[in-house]
Amino acid sequence: MLDVVALTADLPEHGLLYGHVGTVVETFSSMMYEVEFSDDQGRTYAQLPLPASSLMALHHRPVR
């Protein structure tokens, strides 16, 4: 929950492109997550379930 992720593929039907950054807001299984995409003002512009295969976790500090 609340992991920051980026898309690894375009989803034009949702107005999302490769690299858009979102936040995991729900975990359905180890392979499916609800991700919220918000602008820099905090307004949500997309929220949808996505498979883990279309997401990349972003890290802001070294990973051990």
Side-chain angles (χ1 to χ4, degrees):
M1 291 285 290
L2 303 181
D3 284 345
V4 178
V5 296
L7 283 177
T8 60
D10 292 344
L11 298 174
E13 66 275 16
H14 297 286
L16 299 168
L17 301 173
Y18 174 92
H20 268 132
V21 175
T23 303
V24 174
V25 295
E26 187 69 48
T27 301
F28 299 120
S29 71
S30 64
M31 302 304 285
M32 186 65 72
Y33 304 93
E34 182 84 9
V35 181
E36 178 183 62
F37 296 89
S38 302
D39 64 18
D40 53 0
Q41 301 296 313
R43 293 179 296 242
T44 300
Y45 58 86
Q47 184 170 330
L48 61 152
L50 293 168
S53 61
S54 67
L55 302 170
M56 172 180 34
L58 300 180
H59 305 281
H60 300 282
R61 62 181 74 85
V63 177
R64 299 174 199 239

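One is the number of the first residue; the rest follow in order along the sequence. Bear in mind the structure is a predicted one, so any value in this text is a computation, not a measurement.
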Point-to-point distance, once rounded to the nearest 0.5 Å, from [atom1] of [X] to [atom2] of [Y]:
{"X": "Leu55", "Y": "Thr8", "atom1": "CG", "atom2": "OG1", "result": "6.5 Å"}
{"X": "Leu50", "Y": "His14", "atom1": "CG", "atom2": "NE2", "result": "7.5 Å"}
{"X": "Glu34", "Y": "Thr23", "atom1": "CD", "atom2": "OG1", "result": "12.0 Å"}
{"X": "Met32", "Y": "Ser53", "atom1": "CE", "atom2": "OG", "result": "8.0 Å"}

Please assess Leu7 against Val35 for the test side-chain contact (heavy atoms from CB on, under 4.5 Å), listing each intermediate value before the final yes or no. CA-CA 10 Å; Leu7 283 177; Val35 181; over 6 Å; no

Locate the shortest heavy-atom distance separating [X] from [Y]; write the atom from each residue and the value.
{"X": "Met1", "Y": "Thr27", "answer": "SD-N, 4.1 Å"}
{"X": "Ala6", "Y": "Gly19", "answer": "CB-O, 4.1 Å"}
{"X": "Ser38", "Y": "Thr44", "answer": "OG-OG1, 3.6 Å"}

Let me check something: do Val21 and Leu11 share a hydrophobic cluster, defined by ILVMFWY side-chain heavy atoms less than 4.5 Å apart, either directly or through other members? no

Aromatic rings Phe37 and Tyr45: how do their planes relate, parallel, tilted or perpendicular, breaks at 30° and 60°? tilted

Taking Pro12's backbone N and O only, do any of them form a donor-acceptor pair with Asp10's side chain (distance below 3.5 Å, no angle check)? no

Mind checking side-chain hydrogen bond (donor to acceptor under 3.5 Å, both in side chains) for Arg61 and listing every partner two or more places apart, or none if nothing turns up? none

